[in-house]
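The structure appears right after this line, and notes come after that.
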Amino acid sequence: MRIIHCADFHLDAPLAQLPPDKAALRRNELLQTFGRVVSYAAQHAVDAVLIAGDWFDAPIAARKTVDYVRSMIGACPAEFYGLRGNHDAGFSFPNPPENLHFFSDSWRSYALGDVTISGVEPTDDRWTDAVRLDPAACNLVMLHGGISGGDALPIDALRNRSIDYLALGHWHTYRTDALDARGTWTYAGCPEPRGFDECGEKGFVLLDIASGVVRQTFVPFAQRTYHAVRAELNGQPNPAQQEASVRAALDGIPHDDGVQLTLTGSCAPESMLEDAFWTAVLQDRFFQFRLENRVRPALDTARLRTEVSLRG
């Protein structure tokens, strides 16, 4: 059996950090990627798709967005299992297709061949008492929430409950670790980045299940990638050398991606380039560009002590 685990599409996100034309383009790309994931499922004989919350960025979504999601799912031969996250809590999917199955704030399980898919939209800690899984089955469990922090799921209460794979949503980076001796927990991450707090490869998790054993593979799938790049400018006395160092640090990054460039080090005050220079040179090279300039002036304090000047 093959199953896709994905989450956090955040369809219809406002993307206010982008200019209006790029924000509109990016919203369409988020929706296209949802469609590409569904098409991947159809083309690669995937049996089921698990969507672990935050389908939409808010409880109210545009009608055209919902219609697109419904039509893509309805035309796919795979079964879809979804729960709502903290962003789309309260959303009610109108006229869902027959192959779309939802969870609620009450524990629910679905049988899919030799696999049992269970999930709940937790409202407090008490729901863990209702976890009842057959130890002889291959158990996949879906939840949305963090495993640390103020809104953390009670992960300790899920250990030793016969869970083979805990499919999580909420954190936007792929992460996986052992849940207990039997199972693992995994965040699929978001399929597309929406800002510089979501740098790195994004995609979904493909599960291959045979004889009750779950093997997972992360599949990079985003149309664009956001990069956090650091460039050290120490020991470069003239602006041409500084620019060469920055271009070398950015070499190989596609023009369609986003870049957050952090400049570090120290330079002589007379050779320090202004932020406006870097922005003018680089902002049109990438889909989105942001500069964080941490370069400090390198001062010869011994000489300045005897210099008769305001700087001295």
Side-chain angles (χ1 to χ4, degrees), residues 1-9 46-55 79-86 89 101-191 200-220:
M1 184 173 292
R2 308 187 83 190
I3 293 178
I4 284 176
H5 164 209
C6 55
D8 298 288
F9 286 93
V46 170
D47 299 281
V49 178
L50 316 182
I51 305 179
D54 285 354
W55 300 46
E79 298 295 315
F80 286 75
Y81 302 88
L83 48 77
R84 293 166 293 190
N86 56 303
H101 316 281
F102 274 106
F103 299 94
S104 66
D105 58 1
S106 298
W107 196 263
R108 183 176 298 175
S109 294
Y110 296 94
L112 183 68
D114 296 332
V115 173
T116 299
I117 301 171
S118 305
V120 67
E121 297 171 357
T123 55
D124 53 43
D125 290 352
R126 290 174 296 176
W127 58 269
T128 57
D129 297 333
V131 181
R132 297 289 184 271
L133 301 175
D134 180 3
C138 180
N139 293 305
L140 310 185
V141 173
M142 297 176 61
L143 294 172
H144 187 93
I147 60 170
S148 64
D151 59 347
L153 297 167
I155 197 78
D156 288 340
L158 298 173
R159 303 188 197 278
N160 304 312
R161 295 291 192 104
S162 301
I163 298 174
D164 294 282
Y165 183 86
L166 180 56
L168 298 170
H170 187 53
W171 285 3
H172 291 185
T173 300
Y174 169 67
R175 291 184 61 182
T176 186
D177 205 346
L179 174 65
D180 51 33
R182 172 169 174 165
T184 59
W185 59 260
T186 299
Y187 284 94
C190 55
E201 287 187 324
K202 304 297 176 186
F204 60 83
V205 178
L206 182 64
L207 304 178
D208 286 289
I209 304 174
S211 302
V213 178
V214 181
R215 294 183 174 86
Q216 61 172 292
T217 304
F218 177 73
V219 181

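Since this is a predicted model, take the numbers as computed values, not measurements.
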So do [Y] and [X] actually touch side chain to side chain, heavy atoms under 4.5 Å?
{"X": "T173", "Y": "K202", "value": "yes"}
{"X": "L168", "Y": "I147", "value": "yes"}
{"X": "D8", "Y": "H144", "value": "yes"}

Exam field: side chain [X] to backbone [Y], donor-acceptor pair closer than 3.5 Å:
{"X": "E121", "Y": "R84", "result": "yes"}
{"X": "D47", "Y": "R2", "result": "yes"}
{"X": "H5", "Y": "Y187", "result": "no"}
{"X": "R182", "Y": "N160", "result": "no"}
{"X": "W171", "Y": "G145", "result": "no"}

Closest heavy-atom contact between [X] and [Y]?
{"X": "A7", "Y": "G169", "result": "CB-CA, 3.8 Å"}
{"X": "L83", "Y": "A52", "result": "CD1-C, 3.5 Å"}
{"X": "F9", "Y": "P191", "result": "CE2-CG, 3.4 Å"}

Does the side-chain contact (heavy atoms from CB on, under 4.5 Å) test come out yes or no for I4 and L206, once each step is laid out? CA-CA 5 Å; I4 284 176; L206 182 64; 4.0 Å; yes
Go through F103 and Y110 one step at a time and tell me if the ring-ring contact (aromatic ring centres under 6.0 Å, His included) criterion holds. CA-CA 10 Å; F103 299 94; Y110 296 94; 5.4 Å; yes
Can you tell me how far the OH atom of Y81 sits from the CD1 atom of I3, to the nearest 0.5 Å?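 So the gap between those two atoms works out to 8.0 Å.
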Is the F102-W55 ring centre distance short of 6.0 angstrom?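 Yes; W55 has its ring centre under 6.0 Å from that of F102.
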Audit row: T184, Y165, side-chain contact (heavy atoms from CB on, under 4.5 Å) steps and yes/no: CA-CA 5 Å; T184 59; Y165 183 86; 3.7 Å; yes
If you apply the rule side-chain contact (heavy atoms from CB on, under 4.5 Å), what do you find for L158 with V141, and how did you get there? CA-CA 10 Å; L158 298 173; V141 173; 5.8 Å; no
Is there a side-chain contact (heavy atoms from CB on, under 4.5 Å) between I209 and D164? Walk through the geometry before answering. CA-CA 10 Å; I209 304 174; D164 294 282; over 6 Å; no
Show the atom names and distances, to 0.1 Å, of all donor-acceptor pairs under 3.5 Å that link a side chain in residues 132-140 to residues at least two apart or in another chain.
| residue | atom | partner | partner atom | Å |
| --- | --- | --- | --- | --- |
| R132 | NH1 | D129 | O | 2.8 |
| R132 | NH2 | D129 | O | 3.2 |
| D134 | OD1 | A136 | N | 3.0 |
| N139 | ND2 | D134 | O | 3.0 |
| N139 | ND2 | S162 | O | 2.8 |

Suppose the criterion is side-chain hydrogen bond (donor to acceptor under 3.5 Å, both in side chains): which pairs have a residue in residues 210-219, not counting sequence neighbours?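 For residues 210-219: Y174-Q216, T176-Q216, T186-Q216.
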Of L50, L166, V120, the residue whose pairing with M142 passes side-chain contact (heavy atoms from CB on, under 4.5 Å):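 In the set L50, L166, V120, the residue that makes a side-chain contact (heavy atoms from CB on, under 4.5 Å) with M142 is L50.
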Please list every donor-acceptor pair under 3.5 Å in which a side-chain atom of residues 111-118 meets a protein atom from a residue at least two apart or in another chain.
| residue | atom | partner | partner atom | Å |
| --- | --- | --- | --- | --- |
| S118 | OG | S109 | OG | 2.6 |

